[in-house]
Amino acid sequence: MRHMGDVLAGIHATWEFDTDSVLIRFERGIRTPKLFQSLRERRIPYAALSSVTLTPGKRGTVVLRAVPRAGADPLVEAASGQLKEGCDPYRLVLPAEREVLAEYYADELRALLDPASDEPADRFLVAAPEAPMNFKAYDGRAGFDGERVSFRWSWTGASSAKWKAGDQTFKVSELAGIVWRSPEALDGYLRLLPRAAAPVDHRTGGSLGDLHGPGGSGSADGVPVAAPVTRAADQDPAAVLFGLGYGPVHESLPFAAAVLESVRRTQPAPAASAPALVNAGRRDPADIAERIHHLGELHQAGLVTDAEYTAKKAQLLAEL
């Protein structure tokens, strides 16, 4: 950067460059996405970025985008690719006549990227929205005080299964992760994943699932994680449903990111991998098939990456 305090003003946001980070300040206005207004401002360390792009935008604009590293931002991890382009907090839209200036800052940012920028971050580098937080879901009200998540059911929307279970409170230390399905998609929800003995994805705070089949338990590297999800969100007391006007992105996504960051903070570091058993013998093919089926469900739900799915499936097939 030319000097600390350089400012690049765009549409809906202003980027202020510091020695080790960029402070993104979002405007407040009727045309500014509500998510931006909810976030207000975010400080992004350069170490949290993987790359920088500058591309043509719509209607005489250019778009400067700082691409976050995988696992560096709890908001991005919680969103899991579901945000619409116009709600991407890492995009700065500028008039086309400012392209040369935008190109200068893009080059400057690229020069400041961490040598390991192409690798996933081993911890969150961007701060999550601060608790306390709450939002109104279709079937109840969700609250988070920084240590506990609470669900208080609505008599007009909650299912009989949730009423029977009663209002719920979860300590973040008892959770392995969260799943946020955008309210802008069909059947959106926020689901909490209670801990159990199964492998965890420490980059996202989400579960890799129970790889020992339904009702079983297991572990990878000795780290406990989430139990398999077997109920629909409307029947699960660890989930709240979204709907028209309920759980909007600008309320439920920052909430999910704050919970995810707290969950990650409470998770133990992965232990060293146990040595493989010699001459362990072949496994029951039906058991292997069931575990692969469950792994596929986790992959489809976004809780397992493509690489993890391929590697674990190959491992399971090798046990036949």
Contacts of Tyr246 that satisfy ring pair (Phe, Tyr, Trp, His ring centres under 6.0 Å) - sequence neighbours left out: Tyr138
Gly146 versus Ser262, closest heavy-atom pair with distance: O-OG, 3.8 Å
Can you get from Ile24 to Leu125 by hopping between Ile, Leu, Val, Met, Phe, Trp and Tyr side chains that sit under 4.5 Å apart? no
Does the plane of the ring in Phe255 sit parallel, tilted or perpendicular to the ring in Phe135? Use 30° and 60° as the thresholds. perpendicular
Evaluate Phe151 against Leu192 for side chain to side chain contact (heavy atoms under 4.5 Å, CB included), listing each step before the verdict. CA-CA 11 Å; Phe151 293 157; Leu192 305 178; 3.8 Å; yes
Looking at every heavy atom in both Ala258 and Ala128, which two are closest together, and how far apart are they? CA-CB, 4.0 Å
In one Ile/Leu/Val/Met/Phe/Trp/Tyr side-chain cluster, 4.5 Å: Val67, Val76: no
Check for me, please, whether Leu75 and Leu23 land in the same ILVMFWY cluster - side-chain distances under 4.5 Å, paths through other members count. no
Enumerate the residue pairs fulfilling ring-ring contact (aromatic ring centres under 6.0 Å, His included) with a member in residues 20-42, sequence neighbours excluded, ordered by first and then second residue. Phe26-Phe36
Within a radius of less than 6.0 Å around CD of Glu97, do more than 12 heavy atoms belonging to other residues, nucleotides or ligands occur? yes
Please examine the side chains of Ile178 and Leu193, heavy atoms only from C-beta on, and report whether any two atoms are closer than 4.5 Å. no
Side chain to side chain contact (heavy atoms under 4.5 Å, CB included) between Phe170 and Phe144: does it pass, once the steps are laid out? CA-CA 9 Å; Phe170 303 85; Phe144 178 51; over 6 Å; no
Looking only at heavy atoms, what is the nearest atom pair of Asp122 and Arg264, with distance? O-NH1, 4.3 Å
Donor-acceptor pair between Ser80 and Trp180 side chains, under 3.5 angstrom: no
May I have all residue pairs that pass side-chain hydrogen bond (donor to acceptor under 3.5 Å, both in side chains) and include part of residues 52-69, sequence neighbours excluded? Arg65-Asp88
Which pair of heavy atoms, one from Ala102 and one from Leu54, lies closest together, and at what distance? CB-CD1, 3.8 Å
Please examine the side chains of Thr14 and Val7, heavy atoms only from C-beta on, and report whether any two atoms are closer than 4.5 Å. yes
Which heavy atom of Pro254 sits nearest a heavy atom of Leu39, and at what distance? CG-CD2, 4.4 Å
Trp155 side chain reached by Trp153 side chain, heavy atoms, under 4.5 Å: no
side-chain hydrogen bond (donor to acceptor under 3.5 Å, both in side chains) contacts touching residues 141-151 (sequence neighbours left out): Asn134-Arg141
Got Pro33 and Val249 here, is their nearest side-chain heavy-atom distance under 4.5 Å? no
CD (Gln82) and CZ (Arg181) are apart, to the nearest 0.5 Å, by 7.0 Å
Any side-chain heavy atom of Leu113 sitting closer than 4.5 Å to one from Ser50? no
According to the side-chain hydrogen bond (donor to acceptor under 3.5 Å, both in side chains) rule, which pairs have a member within residues 34-44, sequence neighbours left out? Ser21-Arg43, Arg25-Glu41, Arg42-Asp73
Suppose we screen for side-chain contact (heavy atoms from CB on, under 4.5 Å). Which residues come up paired with Ala127, at least two apart in sequence or across chains? none
With Thr156, which residues qualify under side chain to side chain donor-acceptor pair (under 3.5 Å), at least two apart? Ser154
Euclidean distance, Ser173 OG relative to Arg195 CZ, rounded to 0.5 Å: 7.5 Å
Quick one: are Val22 and Leu8 in side-chain contact, heavy atoms under 4.5 Å? no
Under the 3.5 angstrom rule, does the side chain of Glu77 hit a backbone N or O of Gly71 as a donor-acceptor pair? yes
Sequence neighbours left out, what passes side-chain contact (heavy atoms from CB on, under 4.5 Å) with Ala233? Give chain and number order. Tyr189, Arg191, Ala239, Leu241
For Arg110, enumerate each residue passing the side chain to side chain donor-acceptor pair (under 3.5 Å) test, keeping only those at least two apart in sequence or located in another chain. Asp107
With Arg98, which residues qualify under salt bridge (charged side-chain N to carboxylate O under 4.0 Å, His left out), at least two apart? none
Worked verdict on Leu101 versus Leu94 for side chain to side chain contact (heavy atoms under 4.5 Å, CB included): CA-CA 10 Å; Leu101 184 61; Leu94 302 128; over 6 Å; no
Rounded at 0.5 Å granularity, tell me how far CZ in Phe242 sits from CG in Asp139. 10.0 Å
Would you indicate whether the side-chain heavy atoms of Leu190 and Ser252 approach each other to under 4.5 Å? no
Can you give me the closest heavy-atom contact between Ala78 and Leu253, atom names plus distance? CB-CD1, 3.9 Å
Quick one: name the residues clustered hydrophobically with Val93, using the 4.5 Å side-chain heavy-atom rule over I, L, V, M, F, W, Y, and just say none if it's on its own. Ile11, Val63
Go through Glu184 and Lys84 one step at a time and tell me if the side chain to side chain contact (heavy atoms under 4.5 Å, CB included) criterion holds. CA-CA 9 Å; Glu184 296 177 347; Lys84 293 181 178 179; 3.2 Å; yes
Sub-4.5 Å side-chain heavy-atom contact between Pro89 and Leu83: yes
Contacts of type salt bridge (charged side-chain N to carboxylate O under 4.0 Å, His left out), residue Glu119, not counting sequence neighbours: none
